[in-house]
Amino acid sequence: MRSARALAQQAQQADDLFARGEDAPLRTVLLPSADLAAFRQAARALLDQDVEPARVSWHIADSACPDLFADSAVIDSSAGLQGGASPLRHPAATATATVTVPADFLALCESVILHRDPGRFGLLYRLLWRLQREPDLRHDPLDADRVLAGQMAQAVRRDMHKMKAFVRFRTVEDDQFRRRPEEGPLHVAWFEPEHHIVQAVAPFFARRFTQMRWVILTPEASVRSVSRIRNVKEAGAHEVVQAAEPTGPEGFPSLEFGPGAKREEAPPADAGEKLWLTYYQSIFNPARLKLRMMQQEMPRRYWKNLPEAQFISELSAAASARSQAMVAQSPTLPLRRIRAIEPTGEAAERQRADAMHGPASSAAAASSGPLRLDELKSATDRCRECPIGMAATQSVVGEGPAHARLMLVGEQPGDQEDLRGRPFVGPAGRLLDQAISQLGWKRDALYVTNAVKHFKYELRGKRRMHKTPTQQEAAACLHWLETEIALVKPKAAVALGATAARSLLGRHVAVMSERGQWFERSDGLRVLITLHPSALLRGDPAQREEAFAAWLSDLRHASAIAGAA
């Protein structure tokens, strides 16, 4: 049956015809199916005959309804409607006018035709008709017909997205599985789409589940994968899918479409579903519950077919109490990913002094014996004076000869440095090696380190993204850097970036305005300011060569010291 809206629209069209004194009958268009090809053929035939939209009554062959004002003729044409940037002429009637549509009109038709509203064909033909006579229509986003078509297309796209998200498969041990268990059981799902989207969405499941036998049942149509299936008639709920010409992209399962099914033909819950429900309950986070947002993304009309929906009310009701219980719990400490090394000898005495009196007591402990460079690694591994060390894989201390004349100080280790335990071995380190090579320096004659000894990051998926340490975190790590300076006793240091410059000079440093300049500390150590190599990697690629040359110019000020190493 046609909707009340469509019938009212047709009656209004008839009233308009009589009001203009025109008694020509309506044209009845019977489409064999609700697809774009059939609509394009019929629409082009109507345009060739100069038939106004108000004189056309659209129907699908299997649900056609006769019209009071329609003639008995049925439009049948093999013409085609072409879309794109350039106009295309009817291939069989070159004398007729050229039909031109915007490049996105066919994409709009593809979506709108899948809508359940029977008036969608009349709307699209009216838009097509107007586009030929109203050139400015394509630039009017507030036109009522364009707005309505856009809303229909959006509703169809949303329904397609929901089908991809809310299909839940259940396993069936059918006859084929019993004969050939190596092919796995049949996976059957039930879904109730709002629009005619089954054929449009089915290729998504063919690409997604290439190694799985599956069937999706809906009230309107059913679809199955047939890449490894030879017996079409198999026992079970999937019998509703009849043999059809298999279609599918190369490398993916072909598809067979059949008539609709009933809800009772879908299989009951299985062990896999029970496992999924257990997992769903365990990952529910009451602190992040937003019912309105959840219902917007998971409308209630889908709940009846989602196994996990049975727990939504229960979990939502207990969310507030569970959130309060989570807040009341004491925090948990993350597990270390490296084995703790127990200190011995003088290092153990210094650690006990730090625990009793704070890091300042290290100076007193050092009076009994200086800390050696080879002890820095184990000492910084256990450092917890700031939170960074709790999440890092390991500490990364300096590397180079014990009495290097030039020390290069960066900000902190990166992801690769954290994993390998060595400074400047990632992308920034490779750029630094390139600069050292062009300057004629020898890296094994330099002492390379960082102001902060642990990698600070934030997780984005599975990636650990660099995060700049705060001033407080850099200050907590300063005594380790000063220990390295005291042990190596370099003639000069190069501060690579703002964090290193602040740690070395004890003040805020405007790197861009102070780069390439020497400054002297109170202890006599000279410090050259320049950029960190990662700043060049983050810069505009088109200007990278120029930026690299300027960076080399900064570093060249230390060549006399580095060359004498």
Side-chain angles (χ1 to χ4, degrees), residues 165-166 168 269 271-300 302-343 351-361 378-396 412-413 415 418-419 452-480:
F166 296 149
R168 300 289 186 266
E273 183 170 306
K274 294 178 182 178
L275 180 63
W276 155 245
L277 294 178
T278 302
Y279 171 74
Y280 178 79
Q281 295 178 81
S282 67
I283 65 172
F284 177 78
N285 187 346
R288 301 185 64 182
L289 177 64
K290 295 181 179 179
L291 282 174
R292 182 175 299 180
M293 180 64 68
M294 182 191 69
Q295 292 182 18
Q296 179 179 343
E297 296 299 322
M298 187 190 294
R300 283 186 174 273
Y302 297 102
W303 288 18
K304 60 183 178 181
N305 295 320
L306 294 176
E308 63 269 26
Q310 60 184 296
F311 298 111
I312 292 178
S313 298
E314 176 185 346
L315 294 173
S316 301
S320 178
R322 290 182 59 185
S323 296
Q324 295 177 5
M326 291 169 61
V327 173
Q329 290 179 355
S330 58
T332 57
L333 296 177
L335 296 176
R336 290 287 292 160
R337 288 177 288 177
I338 60 174
R339 182 175 60 86
I341 303 175
E342 294 297 330
Q351 184 176 355
R352 285 193 292 269
D354 287 347
M356 296 176 59
H357 308 292
S361 62
S378 60
T380 52
D381 270 342
R382 291 183 294 274
C383 179
R384 296 297 179 268
E385 296 173 36
C386 74
I388 303 178
M390 296 295 294
T393 304
Q394 59 187 318
S395 65
V396 180
Q412 67 165 347
D415 181 73
D418 172 76
L419 296 175
V452 176
K453 305 306 179 187
H454 288 100
F455 177 36
K456 182 178 182 180
Y457 61 90
E458 62 180 12
L459 285 174
R460 294 182 186 174
K462 295 183 178 180
R463 298 185 62 187
R464 302 191 302 173
M465 305 303 295
H466 166 275
K467 192 172 184 180
T468 303
T470 64
Q471 293 184 22
Q472 184 177 4
E473 291 163 344
C477 216
L478 178 60
H479 70 94
W480 296 119

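FYI, side chains are in, hydrogens and waters are out, and symmetry mates aren't considered; it's all heavy atoms of this structure.
Judged purely by atom type and a 3.5 angstrom limit, D381 has no side-chain atom pairing as donor or acceptor with the backbone of Q394. A side-chain donor-acceptor contact under 3.5 Å links H454 to the backbone of T380.
Judged as a salt bridge (charged side-chain N to carboxylate O under 4.0 Å, His left out), and not counting sequence neighbours, R300 has no contacts. Every residue was checked against the ring pair (Phe, Tyr, Trp, His ring centres under 6.0 Å) condition with F284, not counting sequence neighbours, and none meets it. Residues satisfying the side-chain contact (heavy atoms from CB on, under 4.5 Å) criterion with R463, sequence neighbours excluded, are M465. Remark: E314 engages no residue in a side chain to side chain donor-acceptor pair (under 3.5 Å) (not counting sequence neighbours). A search for side chain to side chain donor-acceptor pair (under 3.5 Å) contacts involving D415 returns R464, not counting sequence neighbours.
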Query - side chain to side chain contact (heavy atoms under 4.5 Å, CB included) between I388 and K453, worked out - result: CA-CA 9 Å; I388 303 178; K453 305 306 179 187; over 6 Å; no

Query raised in the report: What's the verdict on side-chain hydrogen bond (donor to acceptor under 3.5 Å, both in side chains) for E458 and H466, showing C-alpha distance, side-chain angles and the deciding distance?
Result: CA-CA 7 Å; E458 62 180 12; H466 166 275; over 6 Å; no

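For the atom pair OH of Y457 and CG of D418, the computed distance is 7.0 Å after rounding to the nearest 0.5 Å. Rounding to the nearest 0.5 Å places OG of S282 at 10.5 Å from CG of L277.
Contact detail for C383 and W480: the closest heavy-atom pair is SG-NE1, 3.4 Å.
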Side-chain donor-acceptor pairs of residues 469-478 under 3.5 Å, sequence neighbours excluded:
unit_1, atom_1, unit_2, atom_2, d
T470, OG1, E473, N, 3.1
T470, OG1, E473, OE1, 3.3
Q471, OE1, R502, NH2, 3.0
E473, OE1, K456, NZ, 2.9
E473, OE1, T470, N, 2.9
E473, OE2, K456, NZ, 3.4

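Between L306 and F166 the shortest side-chain heavy-atom distance falls below 4.5 Å.
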